[in-house]
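Quick notes on the structure that follows.
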Amino acid sequence: KAIRRQRQMCIETGTNTSDDPVEFPQVSILFFKGDTLVEYDMGYLLPDSDDELKPGKSKSIELECYEDFDRYETFYTAR
């Protein structure tokens, strides 16, 4: 018998509030059930083809989890 897991997702939006473009803006998300880490996902917030998020610009991304979770934590990094 096949088990099909339902996909759950969080939509994260990053905005560059600085005066300079940021290179390779990345968001990582950790999904937890209680205190147990159940899954991890990551993606890049790249609205432009030059791998930068320009000042004042925003980008959203869907981050997925196929496990049951009750909380998540997000982390943003960029160059």
Side-chain angles (χ1 to χ4, degrees):
K1 184 174 182 179
I3 297 173
R4 182 172 181 226
R5 292 186 178 156
Q6 181 66 34
R7 175 179 75 123
Q8 301 178 66
M9 74 177 119
C10 292
I11 299 173
E12 290 292 317
T13 301
T15 302
N16 182 356
T17 59
S18 75
D19 293 330
D20 299 309
V22 292
E23 293 181 324
F24 302 104
Q26 178 183 347
V27 60
S28 299
I29 189 166
L30 304 175
F31 295 96
F32 294 89
K33 179 71 172 181
D35 291 332
T36 303
L37 176 66
V38 295
E39 197 158 340
Y40 162 86
D41 198 9
M42 60 79 64
Y44 290 95
L45 302 167
L46 300 173
D48 300 320
S49 61
D50 60 0
D51 299 328
E52 292 182 338
L53 186 60
K54 304 288 191 259
K57 297 290 183 181
S58 297
K59 175 69 177 174
S60 296
I61 188 171
E62 293 180 1
L63 298 163
E64 302 176 337
C65 183
Y66 287 89
E67 301 294 333
D68 187 33
F69 67 95
D70 55 20
R71 69 181 179 91
Y72 62 92
E73 296 177 13
T74 53
F75 303 90
Y76 293 88
T77 58
R79 292 187 198 172

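Closest heavy-atom contact between Q8 and D68: NE2-CA, 3.8 Å. Here the closest non-hydrogen pair linking A78 and P25 is CB-CA, 3.9 Å. Closest approach of T15 to S58, counting heavy atoms only: OG1-OG, 2.5 Å. Contact record, E52 with L46: N-CD2, 4.2 Å, taken as the closest heavy-atom pair. The two residues T13 and S60 have their closest heavy-atom pair at OG1-OG, 2.6 Å. Taking each heavy atom of N16 and P21 in turn, the nearest pair found is ND2-CA, 3.7 Å.
Side chains of D51 and Y44 form no contact here, defined as non-hydrogen atoms less than 4.5 Å apart.
L45 and Y40 fall into different hydrophobic clusters, where Ile, Leu, Val, Met, Phe, Trp and Tyr side chains are chained together by heavy-atom contacts under 4.5 Å. Cluster membership check: V27 does not share its hydrophobic cluster with V22, using side-chain heavy-atom separations under 4.5 Å among Ile, Leu, Val, Met, Phe, Trp and Tyr. Tracing side-chain contacts under 4.5 Å through hydrophobic residues (I, L, V, M, F, W, Y), one reaches M42 starting from L37; they form part of the same cluster.
The side chain to side chain contact (heavy atoms under 4.5 Å, CB included) with V38 is formed by just one residue from the set F69, Y72, F32; it is F69.
Separating the NZ atom in K57 from the OG1 atom in T17 is a distance of 15.0 Å, to the nearest 0.5 Å.
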Output, in order, the C-alpha distance, side-chain angles, deciding distance and verdict of side-chain contact (heavy atoms from CB on, under 4.5 Å) for L30 and R71. CA-CA 9 Å; L30 304 175; R71 69 181 179 91; over 6 Å; no
